[in-house]
Amino acid sequence: MSTTVQWVFDRAIHLMDEQREASGETLHDDTREYRFRTVSILNILRHELYPISDTYVPGGPPRSVCPELTAFTDEIGLDDAVAQGILPYGLAAHLLLGENNVMANYFSQRYLELYQKLRAALPAVWEDIPLRYGGADA
């Protein structure tokens, strides 16, 4: 786990093609509003992605949650496959809502596609099935 908020923001801005053409810089006058909204959006998206992250332990003690993100230097708290492969698309989709709905829809569909693909690859978890109606253990 080493992916930071800044890393995800930079990739989302590049996906949106909002970086400076000459330098590739992601923070400039046209992206300041996006930067302002990024941490809040990522704090919501990380909870959607947590169950498919290697950082999630199913069936363990009361589930812990990823630490709240407060700064661009914070680590996301999800494994890098999820944070780097899926999260930039979700962020780009949310940043473009109401501004460019065609692109927002494209990024949202890509986010969902990658989420479903990674979720389907998760190994199954074994759990006991309780016997009902007074049945005896075999």
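No experiment lies behind these values; they were computed from the predicted model shown.
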Do you know which two heavy atoms are closest between His28 and Arg20, and how far apart they sit? CB-NH2, 2.9 Å

Test Gln116 against Tyr111 for side-chain hydrogen bond (donor to acceptor under 3.5 Å, both in side chains), laying out the working first. CA-CA 9 Å; Gln116 291 297 335; Tyr111 170 84; over 6 Å; no

Apply side chain to side chain contact (heavy atoms under 4.5 Å, CB included) to the pair Glu25 and Thr31, showing each step before the final yes or no. CA-CA 10 Å; Glu25 180 186 6; Thr31 62; over 6 Å; no

Can you name the closest pair of heavy atoms from Arg32 and Asp29 and give their distance? NE-OD1, 3.4 Å

Give the C-alpha distance, both sets of side-chain angles, the deciding distance and a yes or no for side chain to side chain contact (heavy atoms under 4.5 Å, CB included) between Leu96 and Tyr34. CA-CA 9 Å; Leu96 287 174; Tyr34 297 145; 3.9 Å; yes

Closest non-hydrogen atoms of Ala93 and Ser108, given as atom of the first, atom of the second and distance, are CB-N, 3.5 Å

Short side-chain donor-acceptor distance under 3.5 Å, Gln6 and Arg11: no

Would you name the heavy atoms of Ala12 and Pro88 that are closest together and state the gap between them? CB-O, 3.6 Å

Okay, side chain of Ser53, backbone of Asp79: is any donor-acceptor separation there less than 3.5 Å? yes

Return yes if some donor-acceptor pair links the side-chain N/O of Asp80 with the main-chain N/O of Ser2 below 3.5 Å, else return no. yes

Would you say Leu97 and Val39 are hydrophobically clustered, going by side-chain heavy atoms of ILVMFWY under 4.5 Å? no

Could you go through the side-chain hydrogen bond (donor to acceptor under 3.5 Å, both in side chains) check for Gln19 and Thr26 one step at a time? CA-CA 5 Å; Gln19 75 280 355; Thr26 58; over 6 Å; no

I'd like to know whether Leu69 forms a side chain to side chain contact (heavy atoms under 4.5 Å, CB included) with Ile76, so could you lay out the CA-CA distance, the side-chain angles of the two residues, the decisive distance to 0.1 Å, and finally the verdict. CA-CA 7 Å; Leu69 304 171; Ile76 298 293; 4.1 Å; yes

Using 30° and 60° as the class boundaries, would you call the ring planes of Phe9 and Phe72 parallel, tilted or perpendicular? perpendicular

Shared hydrophobic cluster for Tyr115 and Leu91 (ILVMFWY, side-chain gaps under 4.5 Å): yes

Short side-chain to backbone donor-acceptor contact, Asn101 and Ala104, under 3.5 Å: no

Looking only at heavy atoms, which two atoms of Ile52 and Val82 are closest? And how far apart? O-CG2, 3.9 Å

Where is the tightest heavy-atom contact between Ala71 and Val5, given as atom of each residue plus distance? O-CG2, 3.5 Å

Residues Arg37, Glu33: salt bridge by 4.0 Å N-O rule: yes

Residue pair Thr4 / Glu75, side-chain donor-acceptor N/O under 3.5 Å: no

Okay, side chain of Asp74, backbone of Thr70: is any donor-acceptor separation there less than 3.5 Å? yes

Verdict with supporting geometry, Phe107 and Met16, side chain to side chain contact (heavy atoms under 4.5 Å, CB included): CA-CA 9 Å; Phe107 291 130; Met16 297 161 51; 4.1 Å; yes

